[in-house]
Each structure stands twice: as structure tokens, then as C-alpha cells.
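Each remark here refers to the structure printed beneath this line.
As a basis for the values below, the full set of heavy atoms in this structure was taken, side chains included, without hydrogen atoms, waters or symmetry mates. Letters A, B, ... are given to chains in the order of the sequence lines, protein chains preceding strands, and every chain is numbered from 1.
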Amino acid sequence: MTHLKDRQTFADQVYAILAAIPAGKVVTYGQIAKMAGLPSYIRQVCFVLRHLPSDHQFPCHRVINAQGHLSVQGETYQRYKQRLIDEGIEFNHHDKIDLKKYGWHI
DNA sequence: AGCCTGACACCTG
DNA sequence: ACAGGTGCCAGGC
């Protein structure tokens with residue numbers, strides 16, 4: 001997995017998984033890593049998300065951490081939260097999402 | 001060639 | 001509930 005081709009493949013897998021997340025559902029970083037077949041690559045999932053092309057169409061607002069919180073901050077946080085709310089996802093009074101209810105399980 | 005750093009997860013105490 | 005430590009691996013310097 002150190003070859004450039006493999007790294008690209010991993011990124012492509014992440015893209016594919018992102019694109020497949022249905023509206024109204026959320027997934028965790030670790031879940032994406034597992035789905036891509038490399039459960040220990042959580043940090044790389046973060047890297048890929050952090051470096052998406054500016055014109056990407058992926059619903060990365062549907063990716064949250066295992067605590068049910070958005071891991072982004074500032075204005076991005078507000079944008080993502082609003083998009084999730086628009087999709088029918090609710091935040092509790094601690095700005096937390098119920099993964100049992102909104103988690104994407106295949 | 002190290003060393004530090006993440007849009008994290010998991011285990012402990 | 002919660003802070004702290006550890007595992008993890010590529011990127012960036």
C-alpha cells in the first residue's frame with residue numbers, strides 16, 4: 001500500500017463510498033476505512049476528506065466522528081450542520097447526532 | 001532520515 | 001461522563 005497506484009486506489013475507494021452515502025444518513029471515519037478494506041487507515045480517510053478538490057460533489061457533510069459529532073469547525077461546521085438538518089437529520093441539545101438512528105448500516 | 005501532525009478510534013482509570 | 005494515553009499511517013517539512 002505504499003505504491004502511488006495503491007494510494008490512489010484507496011482515495012478512489014473513499015470517493016466511491018462517499019458518493020454512495022444516502023441522504024439522511026451519516027457514517028463515521030472508521031466506518032469508511034473499514035468499508036474500503038483498510039480499517040487502520042482512519043487517518044488517511046481524514047486526509048482524503050481534508051484534501052477534496054474544491055469543486056467536488058461528495059456529501060462529505062455526512063461523515064462524522066464516532067461520538068456523533070461533526071469534526072469540522074467554524075463556518076464549515078455551520079454549513080454542514082444545516083445541510084444535515086435539511087436532510088432530516090436531527091441534532092440533540094449537545095449538537096450530537098444519534099448514530100443508532102441515522103447511521104448508515106448496510 | 002527523522003520528527004510532528006492530523007476533519008480519528010479505542011481502551012483505561 | 002471524561003481526560004489521557006496509545007495505535008495508526010501518509011504528508012509535509
Side-chain angles (χ1 to χ4, degrees):
Chain A
M1 177 47 87
T2 52
H3 195 281
L4 175 61
K5 175 166 167 273
D6 296 323
R7 276 179 274 152
Q8 188 56 49
T9 300
F10 178 74
D12 288 340
Q13 294 245 2
V14 174
Y15 296 152
I17 294 166
L18 279 180
I21 308 171
K25 291 291 179 186
V26 294
V27 296
T28 66
Y29 297 87
Q31 201 178 336
I32 291 179
K34 286 176 193 164
M35 292 172 93
L38 295 167
S40 63
Y41 273 52
I42 304 174
R43 314 299 298 239
Q44 300 328 114
V45 174
C46 298
F47 183 87
V48 172
L49 259 64
R50 188 74 180 77
H51 294 85
L52 288 175
S54 55
D55 59 345
H56 77 88
Q57 298 281 328
F58 301 112
C60 52
H61 57 284
R62 297 179 190 140
V63 183
I64 67 179
N65 64 33
Q67 277 69 54
H69 291 290
L70 301 190
S71 287
V72 292
Q73 309 213 334
E75 180 252 348
T76 309
Y77 181 92
Q78 299 302 330
R79 269 207 337 273
Y80 286 12
K81 181 177 179 181
Q82 189 56 54
R83 292 192 65 172
L84 290 169
I85 291 174
D86 291 344
E87 293 181 0
I89 292 175
E90 46 189 10
F91 289 71
N92 73 9
H93 55 108
H94 292 306
D95 264 2
K96 182 175 172 179
I97 295 171
D98 184 354
L99 276 169
K100 292 192 191 309
K101 188 170 179 182
Y102 297 109
W104 182 36
H105 314 289
I106 299 199

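For the pair Y29(A) and K34(A), nearest-nucleotide mapping onto DNA chain B gives the more 5' position to Y29(A). The nearest heavy atom of DNA chain C to K96(A) and to Q44(A) marks one nucleotide each, and the one closer to the 5' end goes with K96(A).
Atom pair I64(A):CD1 and dA9(B):P shows a separation of 9 Å (rounding to whole Å applied). Rounded to an integer number of Å, the gap from NE2 of H51(A) to P of dA10(C) is 15 Å. Regarding H56(A), its NE2 atom lies at a distance of 15 Å from the P atom of dA7(B), rounded to whole Å. Rounded to an integer number of Å, the gap from H93(A) NE2 to dA1(C) P is 10 Å. Rounding to whole angstrom units, CZ of residue R83(A) and P of dA7(B) are separated by 20 Å. For the pair L49(A) CG and dA9(B) P, the computed distance is 12 Å after rounding to whole Å. If you take CD1 of I42(A) and C1' of dT5(B), they are 16 Å apart, rounded to a whole angstrom. As rounded to whole Å, 11 Å separates atom P of dG6(B) from atom CD of Q73(A).
Remark: side-chain polar atoms of H69(A) are paired, donor with acceptor, to backbone N or O of D95(A) under 3.5 angstrom.
Nucleic acid contact for F47(A): sugar-phosphate only, since backbone atoms but no base atoms lie under 4.0 Å from a heavy atom of the residue. Heavy atoms of Y80(A) sit under 4.0 angstrom from at least one base atom. Counting non-hydrogen atoms under 4.0 angstrom, T76(A) reaches nothing in the nucleic acid.
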Check the pair Y80(A) / I64(A) against side chain to side chain contact (heavy atoms under 4.5 Å, CB included), numbers first and verdict last.
CA-CA 10 Å; Y80(A) 286 12; I64(A) 67 179; over 6 Å; no

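With respect to E87(A) and R83(A), no salt bridge is recorded, no charged nitrogen being found less than 4.0 Å from a carboxylate O.
Atom P of dG5(C) sits at a distance of 16 Å from the matching atom of dC4(B), rounded to the whole Å.
The phosphate of dA10(C) (OP1 or OP2) has a side-chain N or O of Y41(A) nearer than 4.0 angstrom.
Side-chain atoms of R43(A) come within donor-acceptor range of the base of dC8(B), with a qualifying N/O pair under 3.5 Å.
Cluster annotation: V45(A) is connected to Y15(A) through the hydrophobic network of ILVMFWY side chains, with a link wherever side-chain heavy atoms come within less than 4.5 Å.
Put simply, the side chain of I32(A) does not reach to within 4.5 Å of the side chain of Y41(A), judged on heavy atoms.
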